[in-house]
Amino acid sequence: MSDKKTAESTPEEKLEQLTALLTKERAERSAEVESFTAIVESIQVELAAKTAELESFTHNTGSIDLRPLKPQVAEQAPAKTFKVGKDEYRFTIPAFKWNGETVKSIDALNDKELLSDLVSIGAGVIERV
């Protein structure tokens with residue numbers, strides 16, 4: 001039994017070990033906080049510089065209209081409807097992305113398989129009429 005006593009830590013030794021461990025953890029966390037604080041300060045400096053640059057640009061452009069030019073004629077969704085099963089649908093937009101490619105709605109009206117797929121997935125580019 002005396003061998004067990006020497007192998008076990010006393011409450012004081014356990015307290016000392018835990019205190020050392022907590023002190024080490026606190027020092028590591030403190031270093032992390034300092035590192036993150038430095039990063040935040042660096043970002044704040046960069047943000048202030050970019051804000052000043054933007055303000056200078058805005059001031060120097062004066063009356064220049066930087067909005068994109070509006071097209072002469074806005075493209076619209078086709079008025080033609082299509083049927084899948086007994087239900088009739090129409091496109092709500094002039095073009096959409098399908099399998100990574102842009103498809104004009106007017107062209108899609110000729111692709112029965114695509115129309116069926118759009119209906120089956122409940123695509124937001126079509127609506128039931």
Side-chain angles (χ1 to χ4, degrees):
M1 243 184 169
S2 63
D3 287 339
K4 270 192 169 180
K5 284 265 185 192
T6 56
E8 292 179 10
S9 300
T10 65
E12 291 81 13
E13 291 171 330
K14 285 182 182 179
L15 178 61
E16 195 174 298
Q17 291 170 351
L18 289 174
T19 301
L21 182 61
L22 286 173
T23 302
K24 179 183 173 191
E25 284 290 320
R26 184 180 294 139
E28 289 174 1
R29 297 299 168 253
S30 186
E32 286 177 358
V33 168
E34 288 177 18
S35 174
F36 288 135
T37 301
I39 291 170
V40 168
E41 288 172 353
S42 170
I43 291 171
Q44 287 173 333
V45 167
E46 188 175 335
L47 177 62
K50 293 294 182 186
T51 301
E53 184 179 332
L54 178 62
E55 288 172 356
S56 172
F57 175 77
T58 302
H59 177 72
N60 291 333
T61 57
S63 64
I64 298 173
D65 187 0
L66 299 175
R67 292 176 293 181
L69 298 175
K70 294 181 182 176
Q72 295 285 337
V73 177
E75 192 174 351
Q76 295 180 358
K80 186 177 177 185
T81 60
F82 63 93
K83 280 190 172 187
V84 173
K86 294 181 180 181
D87 296 319
E88 191 170 357
Y89 300 89
R90 72 176 187 87
F91 281 96
T92 59
I93 58 175
F96 57 96
K97 290 282 188 181
W98 186 256
N99 293 330
E101 295 189 23
T102 301
V103 177
K104 288 189 173 189
S105 298
I106 193 78
D107 296 335
L109 289 168
N110 299 320
D111 187 337
K112 300 288 184 200
E113 184 179 341
L114 174 58
L115 296 175
S116 178
D117 288 347
L118 292 172
V119 170
S120 70
I121 66 168
V125 299
I126 58 171
E127 66 183 7
R128 187 179 296 160
V129 180

- Query: Shared ILVMFWY cluster between Ile121 and Ile93, side chains joined below 4.5 angstrom?
  - Reply: yes
- Atom CD of Glu46: over 12 foreign heavy atoms under 6.0 Å: no
- Query: Do Thr92 side-chain atoms and Val125 backbone N/O form a donor-acceptor pair below 3.5 Å?
  - Reply: yes
- Query: Distance from Thr10 atom OG1 to Glu16 atom CD, nearest 0.5 Å?
  - Reply: 8.5 Å
- Item | Any Val103 side-chain heavy atom under 4.5 Å of Lys97 side chain | no
- Looking only at heavy atoms, which two atoms of Arg90 and Thr81 are closest? And how far apart? CB-CG2, 4.0 Å
- Query: Counting only heavy atoms not in Glu13, do more than 12 sit closer than 6.0 Å to its CD atom?
  - Reply: yes
- Message: Contact between Asp87 and Val119 at the side-chain level, heavy atoms closer than 4.5 Å - yes or no?
- Response: no
- Task: Enumerate the residue pairs fulfilling ring-ring contact (aromatic ring centres under 6.0 Å, His included) with a member in residues 95-128, sequence neighbours excluded, ordered by first and then second residue.
- Result: Phe91-Phe96
- Query: Taking Thr37 for the side chain and Val33 for the main chain, is one N or O donor matched with an acceptor at less than 3.5 Å?
  - Reply: yes
- So which residues get pulled into Ile39's cluster when ILVMFWY side chains under 4.5 Å apart are joined, directly or through others? Phe36, Ile43
- Taking Thr23 for its side chain and Thr19 for its backbone only, find out whether a donor-acceptor pair lies under 3.5 Å. yes
- CG/Leu15 to OG/Ser9 distance, rounded to the nearest 0.5 angstrom? 11.5 Å
- What distance separates Arg29 CZ from Lys24 NZ, expressed to the nearest 0.5 Å? 10.5 Å
- What is the distance from atom CZ of Arg128 to atom CD1 of Ile126, rounded to the nearest 0.5 Å? 9.5 Å
- Closest approach of Pro78 to Ser105 (non-hydrogen atoms, all atoms of both residues): CD-CB, 3.5 Å
- Message: Tell me whether Glu32 at atom CD has more than 12 heavy atoms from other residues, nucleotides or ligands lying less than 6.0 Å away.
- Response: yes
- Item | Leu115 CG to Phe82 CZ distance, which is reported to the nearest 0.5 Å | 4.5 Å
- Item | Main-chain N/O of Arg26 paired to Ser30 side chain as donor or acceptor, under 3.5 Å | no
